[in-house]
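One structure below.
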Amino acid sequence: MTTTEKEIDYSQYPYVDKGLEGIVAFSSRKSLIDGAKGELYYAGYDIDSLARHSTFEEVCFLLWNERLPNKAELHELNEKLRSERDLPEVVLNYLKSVNKDSEPMAVLRTATSMLADEDPESADTSSEASLRKAIRLTAKLPAIIAGFDRSRNGKEILSPLKKNSIAFDFLYMLNGEEPGENAERTMDVLLITHAEHGMNASTFTCRSICATMSDIHSAVTGAIGSLKGPLHGGANTAVMNMLKELDKDTDIVAFIKGKLERKEKIMGFGHRVYKTYDPRAKFLRTMAKDLASEVDMEYLYEWSESIVKVMKEEKNIDPNVDFFSATVYYSMGIQPDLYTTIFSMARVSGWTAHYLEQLSKNRLIRPRVLYLGNENLEYVPIDER
Ligand code: SDX
């Protein structure tokens, strides 16, 4: 006789199994999310001022060290990140030989794991070695993404120029030409706004792997697997696929209402923590408007705003980080199935920052489970079943 969900008196347990909703599982100094006010701070600095004034490399330093760098420290980190952008031969060969139709997030997951085999410190879980590996991972993920995209399109994989920012070299390796200032800055802001976000599913995965004292490559590989899911990072690709179903004659209100009636989730909307506009969505909304009009795709932004209006009226749900980022990436000419990999090359800074924090005060993460199944059954030989 098993226990049904309804029969459980949850009041006698500290928590309920609703996706750990509202549960405080960790303490952290990496970021603060105020879900009611729609505010986000990285180690004390609000996302708006970081997006306006900082760089992704400076945000990496901030997340890893919980303070902003001085000029010399930032220069040293930039130099280290530039020097580590090359990929090992074995990874380049994988990118050239892997099935061209593979999902980019699956290729990123595999190639990231392969980096461990080539990293001389892969088994060293000290915080000093882990920070060095965090820098190498942050430097190399962009090259994996760009390399696979070029290879699957029959183009030569380009080596990084090892100059300027991660955003600059990524766009160069992806498109084969040095990006203009505008494109580099747009990519840099995208990386900043996607860098860190508290205890989201992929960061939770990362910390859970770290907590067994496993290595940082395993933790980041696991986090990539988690972010791949459409309820998490995979939403931005799904948003673009939804926008591509529309055309100038589509009745957008009916289109969205139809999905809602069929109990379909509208990708890019809703959030476990934000109960108002995601502050990153606010920033990306402006970018989407500007970029879409620059490339004569204003219709994408207009359609997006119509969807925002319907979702607010019908479900009182606001857009999250993934909604407008889709239009920004598309306006930059980036393939929709690459969007979540770009999310990953930003969030690797947050994942590794949390890995280092978990290391500093580690305890194995092992929650309880409430057993609902049968009990005390007698084993029956197979001939009698
Ligand atoms: C990211 O956690 C993070 O910080 C993540 C992230 C980060 O930076 O790491 O912010 C990045 O993952 C953003 C989220 C990207 N995912 C999506 O856009 C997928 C669509 N969103 C939903 O699946 C949903 O909103 C979640 C998963 C994001 C949050 O869901 P919850 O907190 O588990 O809430 P729920 O699914 O239980 O929904 C509560 C109600 C339900 O209605 P009822 O069944 O109670 O009537 O709200 C409805 C849901 O149906 N709802 C939606 C909806 N999101 C919630 N209905 C339609 N479309 C949606 N998108």
Side-chain angles (χ1 to χ4, degrees), residues 16-26 28 30-36 38-42 47 50-51 59 63 105 190-207 220 222-243 255-284 304 307-327 336 339-354:
V16 294
D17 62 348
K18 298 282 179 229
L20 297 183
E21 180 160 12
I23 302 308
V24 178
F26 300 88
S28 173
K30 301 305 175 186
S31 63
L32 168 65
I33 303 172
D34 185 322
E39 292 173 357
L40 169 61
Y41 300 85
Y42 292 172
I47 189 64
L50 290 170
V59 163
L63 292 171
M105 276 297 275
L190 282 164
L191 298 178
I192 292 170
T193 50
H194 284 79
E196 156 63 8
H197 208 245
M199 208 36 62
N200 57 84
S202 51
T203 299
F204 182 89
T205 304
C206 175
R207 285 191 81 137
V220 170
I224 291 170
S226 170
L227 189 71
K228 181 172 181 287
L231 292 191
H232 188 12
N236 52 20
T237 299
V239 170
M240 199 63 235
N241 294 337
M242 174 177 70
L243 292 174
F255 177 82
I256 295 297
K257 280 186 172 177
K259 281 181 167 286
L260 294 174
E261 272 148 30
R262 294 189 297 273
K263 294 284 179 209
E264 289 175 34
K265 291 276 174 72
I266 311 301
M267 295 292 127
F269 283 86
H271 200 276
R272 175 62 61 79
V273 181
Y274 290 121
K275 295 313 162 201
T276 180
Y277 229 100
D278 182 329
R280 303 164 296 176
K282 261 192 205 143
F283 207 87
L284 293 166
S304 297
I307 294 169
V308 168
K309 190 163 174 290
V310 181
M311 284 300 284
K312 194 67 184 167
E313 286 164 0
E314 296 299 315
K315 300 281 285 189
N316 191 26
I317 293 180
D318 292 294
N320 59 48
V321 66
D322 288 307
F323 187 61
F324 287 106
S325 62
T327 298
Y339 297 175
T340 315
T341 60
I342 298 173
F343 194 152
S344 305
M345 68 184 244
R347 189 53 60 87
V348 65
S349 57
W351 291 331
T352 51
H354 278 274

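Remember, it's 1-based here, ligands and their atoms both numbered in the order they're listed. The residues of the chain are indexed from 1 along the displayed sequence. Worth saying up front: this structure is predicted, and the values here are computed from it rather than measured.
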Starting from [atom], which protein heavy atom do you reach first, and at what distance in Å?
| atom | answer |
| --- | --- |
| atom 42 (O) of ligand 1 | K315 NZ, 3.9 Å |
| atom 4 (O) of ligand 1 | H197 ND1, 2.6 Å |
| atom 47 (O) of ligand 1 | I317 CD1, 3.8 Å |
| atom 16 (N) of ligand 1 | L231 O, 3.0 Å |
| atom 58 (N) of ligand 1 | I266 N, 2.9 Å |
| atom 29 (C) of ligand 1 | R272 N, 3.8 Å |
| atom 13 (C) of ligand 1 | D322 OD2, 3.5 Å |
| atom 36 (O) of ligand 1 | K265 NZ, 3.0 Å |

Taking both backbone and side-chain atoms of [X], is any N or O found less than 3.5 Å from an N or O belonging to ligand 1?
| X | answer |
| --- | --- |
| H232 | yes |
| H271 | yes |
| M311 | no |
| D278 | no |
| N320 | yes |

Using a 4.0 Å heavy-atom cut-off, say whether [X] meets ligand 1 through its side chain, its backbone, both or neither.
| X | value |
| --- | --- |
| R347 | side chain |
| A238 | neither |
| R280 | side chain |

Do side-chain atoms of [X] reach the backbone of [Y] as a donor and acceptor pair under 3.5 angstrom?
| X | Y | answer |
| --- | --- | --- |
| K275 | H271 | yes |
| R347 | G233 | no |
| E314 | N316 | no |
| H232 | S226 | no |
| S202 | I224 | no |

(request) Report the C-alpha separation of W351 and T205 in whole Å, then their side-chain angles, then the decisive distance to 0.1 Å, and conclude whether the side chain to side chain contact (heavy atoms under 4.5 Å, CB included) test is met. (result) CA-CA 9 Å; W351 291 331; T205 304; over 6 Å; no
For [atom], state whether the nearest protein heavy atom is under 4.0 Å away.
| atom | value |
| --- | --- |
| atom 60 (N) of ligand 1 | yes |
| atom 40 (C) of ligand 1 | no |
| atom 51 (N) of ligand 1 | yes |
| atom 19 (C) of ligand 1 | yes |
| atom 45 (O) of ligand 1 | no |
| atom 6 (C) of ligand 1 | yes |
| atom 56 (N) of ligand 1 | yes |
| atom 23 (O) of ligand 1 | yes |

(request) Please indicate whether K312 has more than 12 foreign heavy atoms, meaning atoms of other residues, nucleotides or ligands, lying under 6.0 Å from its NZ. (result) yes
Pull out every atom of ligand 1 sitting under 4.0 Å from any heavy atom of [X], numbered as shown with elements.
| X | result |
| --- | --- |
| N200 | 2 (O), 3 (C), 4 (O), 5 (C), 9 (O) |
| G268 | 17 (C), 18 (O) |
| F269 | 18 (O), 20 (C), 21 (N), 22 (C), 25 (O), 54 (N), 59 (C), 60 (N) |
| A235 | 15 (C), 16 (N), 17 (C), 18 (O) |
| G270 | 25 (O), 28 (C) |

(request) Please tell me if the side chains of L191 and V59 come closer than 4.5 Å, counting only heavy atoms from C-beta onward. (result) no
(request) Side-chain contact test, heavy atoms from C-beta onward, threshold under 4.5 Å: evaluate it for Y339 versus S325 and give yes or no. (result) no
(request) Could you tell me whether K309 and E313 make a salt bridge, using a distance below 4.0 angstrom between a side-chain N and a carboxylate O? (result)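 Yes, this pair counts.
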Taking atom [atom1] of [X] and atom [atom2] of [Y], what is their separation to the nearest 0.5 Å?
| X | Y | atom1 | atom2 | result |
| --- | --- | --- | --- | --- |
| M267 | N236 | CE | CG | 11.0 Å |
| F269 | M311 | CZ | CE | 5.5 Å |
| L284 | F324 | CG | CZ | 9.0 Å |
| I307 | I256 | CD1 | CD1 | 4.5 Å |
| S344 | L227 | OG | CG | 4.5 Å |

(request) Report the relative orientation of the aromatic rings in Y274 and H197; use parallel for angles under 30°, tilted for 30 to 60°, perpendicular for over 60°. (result)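 Judged by the thresholds at 30° and 60°, the geometry between Y274 and H197 is tilted.
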(message) Looking only at the side chains, is there a donor atom on one of R207 and H354 sitting less than 3.5 Å from an acceptor on the other?
(response) yes
(request) For G234 and ligand 1, answer yes if some heavy atom of the residue is under 4.0 Å from a ligand atom, otherwise no. (result) no
